[in-house]
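Okay, so here's the structure we're looking at.
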Amino acid sequence: MEYFTELWNSFLMYLNDQPPGWIYFFLCFGAFLENVFPPIPGDTLIVFGAYLAGIGVIAVWPAYFAMWAGSAVGCLLVYGVAFWKGRPFFLRLNLKFLNEENLDSAETWFTRYGDKIVVFNRFLPTVRAFVGIVAGISRMHPVRMTLYVLVGTFLWNSLLV
């Protein structure tokens with residue numbers, strides 16, 4: 001156990017010696033990537049960023065903004081691709097979870113609860129990566145989508161931080 005404590009403390013000392021801008025960049029990039037490549041654990045990274053801010057390695061508000069921006073931009077990028085390319089693009093990807101039947105049921109669900117789903121999608125860990133796709137395919141208005149994503153990521157990141 002002592003070995004891991006020393007290793008952790010060495011890692012924190014290493015981070016403390018790094019320019020804060022690089023840490024903010026990686027926090028932003030990690031939060032962004034979670035939306036584009038869902039297996040990436042963005043929430044863990046957000047909590048880690050909050051921890052680093054809490055122990056004084058980085059400042060709270062720049063860290064929060066970096067993670068908020070990364071989450072929002074990542075979701076909006078996925079939405080933009082879906083809005084621009086549409087359903088056929090995602091069906092051509094031949095992904096097991098994005099088949100015709102799943103997209104039909106997701107769009108039906110989205111038609112009923114779309115606004116609420118976008119705002120609260122961050123609170124739905126498995127589903128959140130696909131909300132941007134369904135919103136884009138469903139042609140949700142870009143201004144509404146942007147507003148809802150900003151509010152939703154603000155709420156979720158605030159809870160985590």
Common cluster, Leu159/Met67, ILVMFWY with side-chain heavy-atom separation under 4.5 Å: yes
Spatial distance of atom CD1 (Ile46) from atom OH (Tyr64) [nearest 0.5 Å]: 9.0 Å
Cluster overlap Trp61 with Leu45, hydrophobic side-chain contacts below 4.5 Å: yes
Cluster link Leu76 to Val143, ILVMFWY, side chain under 4.5 Å: no
Sub-4.5 Å side-chain heavy-atom contact between Leu160 and Asp43: yes
Residue pair Trp156 / Arg122: nearest heavy atoms and the distance that separates them: CB-CB, 3.3 Å
Cluster overlap Val73 with Phe37, hydrophobic side-chain contacts below 4.5 Å: yes
Whether over 12 other heavy atoms sit under 6.0 Å from Phe89 CZ: yes
From Phe90 atom CZ to Glu100 atom CD, the distance as rounded to the nearest 0.5 Å: 14.0 Å
Side chain to side chain, Asn157 and Ser71, heavy atoms closer than 4.5 Å: yes
Phe110: ring pair (Phe, Tyr, Trp, His ring centres under 6.0 Å) partners, not counting sequence neighbours: none
Rounded distance [0.5 Å steps], CD1 in Ile117 versus CE in Met140: 8.5 Å
Phe123 atom CZ: more than 12 heavy-atom contacts under 6.0 Å: yes
Ile58-Tyr51 co-clustered via ILVMFWY side chain contacts under 4.5 Å: yes
Under 3.5 Å, which donor-acceptor pairs do the side chains of residues 144-152 form with other protein atoms, sequence neighbours left out?
unit_1: Arg144; atom_1: NH2; unit_2: Asp115; atom_2: OD1; d: 2.5
unit_1: Thr146; atom_1: OG1; unit_2: Pro142; atom_2: O; d: 2.8
unit_1: Tyr148; atom_1: OH; unit_2: Asp115; atom_2: OD2; d: 3.4

Reported CD1-to-CG distance for the pair Ile137 and Leu103, which is rounded to 0.5 angstrom: 5.0 Å
Asn121 side-chain N/O to Val118 backbone N/O, donor-acceptor pair under 3.5 Å: yes
Please list every donor-acceptor pair under 3.5 Å in which a side-chain atom of residues 10-32 meets a protein atom from a residue at least two apart or in another chain.
unit_1: Ser10; atom_1: OG; unit_2: Glu6; atom_2: O; d: 3.0
unit_1: Gln18; atom_1: NE2; unit_2: Tyr14; atom_2: O; d: 3.1
unit_1: Tyr24; atom_1: OH; unit_2: Ala59; atom_2: N; d: 2.9

Other residues, nucleotides, ligands: >12 heavy atoms within 6.0 Å of Phe48 CZ: yes
Nearest-0.5 Å distance, CH2 of residue Trp68 to CG of residue Leu155: 10.5 Å
